[in-house]
Structures are given as C-alpha cells and as structure tokens.
Participant: 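This is the structure I have questions about; it appears just below.
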Amino acid sequence: MQLEIKNIYKNYGKVQALKGVSMELNAGVYGLLGPNGAGKSTLIQIITGNLAASDGEVCYDGKSIKKDEKNYKRHLGYVPQSQGIYDSFTAKQFLEYMAILKDVEKKRIPEQIASVLEVVGLTEVKDRKLGGFSGGMRQRILIGQALLGNPEIVILDEPTAGLDPKERIRIRNFISKIAENKIVLIATHVVSDVESIAKEIILLGGGT
C-alpha cells in the first residue's frame with residue numbers, strides 16, 4: 001500500500017498554488033501542516049481526484065489514479081473541510097445513503113454501518129436526527145461515512161475545525177483508532193491536532 005505524489009504543480013492563471021510537491025505515504029498517520037492559503041486544500045483535492053494538477057501525477061500502488069480512477073476511489077475515504085449533512089436524516093439513514101453512493105455491496109451495508117458507528121462512538125444515537133447533533137458528533141459521523149467500504153486511504157481536511165478542546169481530543173483519538181493498516185492524511189493548520197498521532201509531519205508553505 002503506497003500513495004505517491006509526484007512533482008505536483010497547480011496553477012490558477014498566473015498564480016502558482018503548488019510548486020513541485022512530492023511525497024510518498026505508506027500505512028500510518030501523516031499530518032499535512034501549513035497556514036491557511038498554503039495550498040493544503042488544493043493538494044487534497046488533487047489527491048482525491050476532484051481537481052486536475054497542472055503537472056505531475058498521483059499514483060496508488062504504482063498506478064496513476066487518472067488511469068484507474070474507479071478502482072482508486074473504492075480505496076478512498078474522504079472528509080472535506082466543509083461537507084453538507086442532512087439534518088432530517090438519522091445517523092443510520094445518513095450512513096445507509098452514503099453506503100449506497102459508495103457502491104458498498106447491499107448485503108454488507110448493515111454490518112458496515114454497525115462497525116463504523118461503533119468506531120466513532122455513535123451506536124447509541126444511531127436513530128437520532130443529525131440536526132440535533134453537536135459539532136463534534138457531526139464530525140464523527142462524517143468520519144464514519146469516510147470509513148464505509150473499509151478504505152485503505154483516509155483523507156481528512158481540517159477535521160477539528162470549530163470544535164472545542166475536548167472534542168478535538170476525542171476526534172484525535174478516533175483518528176488514531178482507525179489508522180491501523182491505513183494511510184491517513186490529516187490537513188490542518190493546528191499543530192496539536194497531529195503532533196501526538198502523526199508518524200510524520202509534512203510542512204507546506206507557499207505551495208512547496
């Protein structure tokens with residue numbers, strides 16, 4: 001299991017957001033650290049296949065994700081910096097909906113949902129509507145949906161943004177829990193979010 005980012009450039013007109021970014025990621029937690037505007041979210045969008053690089057490529061197990069995008073996305077779990085959530089859905093309904101979107105095999109959906117609810121500590125509130133969830137609980141259900149399908153790569157963009165200190169610690173603990181045999185990449189501008197759980201911290205500033 002290896003994710004390679006090879007000499008990535010991204011230009012927006014005359015503005016160069018990324019300038020030759022390269023890294024190799026294997027199983028474990030990585031922190032992608034940098035101030036707002038450093039290019040973290042742009043890089044995340046390229047790694048997830050949602051944005052094309054101006055130059056360079058992303059490879060998963062030696063294959064360009066452009067050439068094998070469908071298979072790559074089966075192995076990918078992603079929590080964007082801001083993701084819509086359906087307040088009228090219960091936690092269980094939301095996960096069922098996301099599992100269908102992710103093409104999880106129908107007969108496996110109930111066990112997958114039970115498993116991720118347990119991992120993120122929301123089993124007891126699975127029938128409560130998301131509109132009544134706290135910020136931390138909402139973030140946990142989003143991490144839960146990213147784990148559906150048992151992906152090998154999990155990417156989290158500012159997963160603790162807007163949370164109080166206790167919820168930040170709880171989210172960090174959950175990330176540590178899911179990291180076994182996965183590549184987990186956390187993009188953040190908060191050092192304390194990653195310093196205790198990341199095996200490596202990647203600094204990004206000015207696009208490099």
Side-chain angles (χ1 to χ4, degrees), residues 1-84 101-102 139 142-143 145-161 171-172 175-176 178-195 197-208:
M1 185 194 328
Q2 186 179 60
L3 184 65
E4 296 175 272
I5 291 86
K6 297 182 176 182
N7 206 29
I8 293 291
Y9 286 81
K10 181 61 183 177
N11 303 324
Y12 296 101
K14 293 182 179 180
V15 177
Q16 208 167 40
L18 296 173
K19 307 169 187 176
V21 175
S22 297
M23 63 187 79
E24 291 184 9
L25 310 180
N26 299 293
V29 178
Y30 295 83
L32 180 62
L33 192 65
N36 291 329
K40 300 189 303 298
S41 291
T42 296
L43 182 59
I44 291 296
Q45 289 296 307
I46 292 169
I47 293 171
T48 56
N50 295 323
L51 182 68
S54 300
D55 198 7
E57 65 177 348
V58 177
C59 295
Y60 171 62
D61 282 349
K63 296 180 181 178
S64 171
I65 66 171
K66 291 180 182 178
K67 296 178 181 177
D68 200 15
E69 186 174 354
K70 192 172 182 181
N71 179 59
Y72 173 66
K73 291 205 170 182
R74 284 197 191 102
H75 295 280
L76 179 67
Y78 175 43
V79 180
Q81 188 170 353
S82 58
Q83 176 171 327
L101 290 182
K102 289 186 165 195
Q139 198 62 22
L142 291 174
I143 293 173
Q145 66 79 26
L147 298 178
L148 291 168
N150 193 28
E152 292 185 343
I153 304 166
V154 178
I155 297 179
L156 309 168
D157 193 357
E158 300 283 358
T160 64
I171 294 296
R172 287 202 298 270
I175 292 169
S176 295
I178 68 173
E180 188 175 356
N181 300 319
K182 295 184 190 299
I183 297 169
V184 180
L185 179 62
I186 308 165
T188 183
H189 64 280
V190 182
V191 177
S192 60
D193 280 353
V194 291
E195 63 181 352
I197 60 172
K199 75 174 189 179
E200 190 173 328
I201 292 178
I202 301 155
L203 298 177
L204 192 64
T208 60

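Sequential numbering from 1 along the given sequence is applied to the chain's residues. All values below come from the heavy atoms of this structure, side chains included, with hydrogens, waters and symmetry mates left out.
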Participant: Where is the tightest heavy-atom contact between P35 and L204, given as atom of each residue plus distance?
Facilitator: CD-O, 3.8 Å
Participant: Drop me the distance from S41's OG to L32's CG, to the nearest 0.5 angstrom.
Facilitator: 9.0 Å
Participant: Just verifying a value: how many Å separate L3 CG and C59 SG, rounded to the nearest 0.5 Å?
Facilitator: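 It is 9.0 Å, given to the nearest 0.5 Å.
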Participant: Under the side-chain contact (heavy atoms from CB on, under 4.5 Å) rule, what do V29 and V194 come out as? Steps first, then yes or no, please.
Facilitator: CA-CA 8 Å; V29 178; V194 291; 5.8 Å; no
Participant: Run the side-chain contact (heavy atoms from CB on, under 4.5 Å) test on E57 and E4 for me, step by step, so that the C-alpha distance in whole Å, both residues' side-chain angles and the decisive distance to 0.1 Å come before the verdict.
Facilitator: CA-CA 8 Å; E57 65 177 348; E4 296 175 272; over 6 Å; no
Participant: Determine whether T188 and L33 make a side-chain contact, defined as any pair of heavy atoms from C-beta on separated by less than 4.5 Å.
Facilitator: yes
Participant: Taking side chain as C-beta onward, heavy atoms only, is L76 less than 4.5 Å from P151?
Facilitator: no
Participant: Do L101 and Q145 come close enough that some side-chain heavy atom pair is under 4.5 Å?
Facilitator: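 Contact flag for L101/Q145 side chains = no.
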Participant: Short question: side chain of K40, backbone of G34 - any donor-acceptor pair under 3.5 Å?
Facilitator: yes
Participant: Under the criterion side-chain contact (heavy atoms from CB on, under 4.5 Å), I'd like the reasoning laid out for L185 against I44: C-alpha separation, chi angles, the key distance, then a yes or no.
Facilitator: CA-CA 9 Å; L185 179 62; I44 291 296; 3.8 Å; yes
Participant: Could you tell me whether a side-chain N or O of Q45 sits under 3.5 Å from a main-chain N or O of T42, the two making a donor and an acceptor?
Facilitator: no
Participant: Enter the distance from K19:NZ to S54:OG here, rounded to the nearest 0.5 Å.
Facilitator: 13.0 Å
Participant: Please give me the minimum heavy-atom distance between N71 and H75, naming the atom from each residue.
Facilitator: O-CD2, 3.0 Å
Participant: Using the ring of Y12 (Phe, Tyr or Trp, six-membered ring only), decide whether K10 places NZ or CZ under 6.0 Å from its centre and within 45 degrees of its axis.
Facilitator: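 Checked: cation-pi criterion met.
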Participant: Would you call I197 and V184 a side-chain contact if the rule is heavy atoms closer than 4.5 Å?
Facilitator: no
Participant: Quick one: list whatever passes ring-ring contact (aromatic ring centres under 6.0 Å, His included) with Y30, sequence neighbours left out.
Facilitator: none
Participant: Hey, could you give me each pair passing salt bridge (Lys or Arg N to Asp or Glu O under 4.0 Å) that has a residue in residues 184-194? Not counting sequence neighbours.
Facilitator: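 Passing the test, one end in residues 184-194: R168-D193, R172-D193.
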Participant: State whether the side chain of N11 and the backbone N or O of Q16 hold a donor-acceptor pair below 3.5 Å, judged by distance alone.
Facilitator: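 Absent.
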Participant: Say you draw a straight line from CE of M1 to OH of Y60; how long is it, rounded to the nearest 0.5 Å?
Facilitator: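 Output value for this atom pair is 6.5 Å.
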Participant: Nearest 0.5 Å, please: how far is CD1 in I5 from CG in L25?
Facilitator: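 Rounded to the nearest 0.5 Å, the CG-CD1 separation comes out at 4.5 Å.
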Participant: With sequence neighbours left out, which residue pairs that include part of residues 64-77 fulfil the salt bridge (Lys or Arg N to Asp or Glu O under 4.0 Å) condition?
Facilitator: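 Counting only pairs at least two positions apart or across chains, the salt bridge (Lys or Arg N to Asp or Glu O under 4.0 Å) contacts touching residues 64-77 are E69-K73.
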Participant: Examine distances only and state if a side-chain atom of Q139 and a backbone atom of P159 form a donor-acceptor pair shorter than 3.5 Å.
Facilitator: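 Yes, because the side chain of Q139 sits within donor-acceptor range (under 3.5 Å) of the backbone of P159.
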Participant: I need the I46 CD1 to L51 CG distance, nearest 0.5 Å.
Facilitator: 5.0 Å
Participant: Please indicate whether K199 has more than 12 foreign heavy atoms, meaning atoms of other residues, nucleotides or ligands, lying under 6.0 Å from its NZ.
Facilitator: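 Yes, because the 6.0 Å sphere around NZ of K199 holds more than 12 heavy atoms from other groups.
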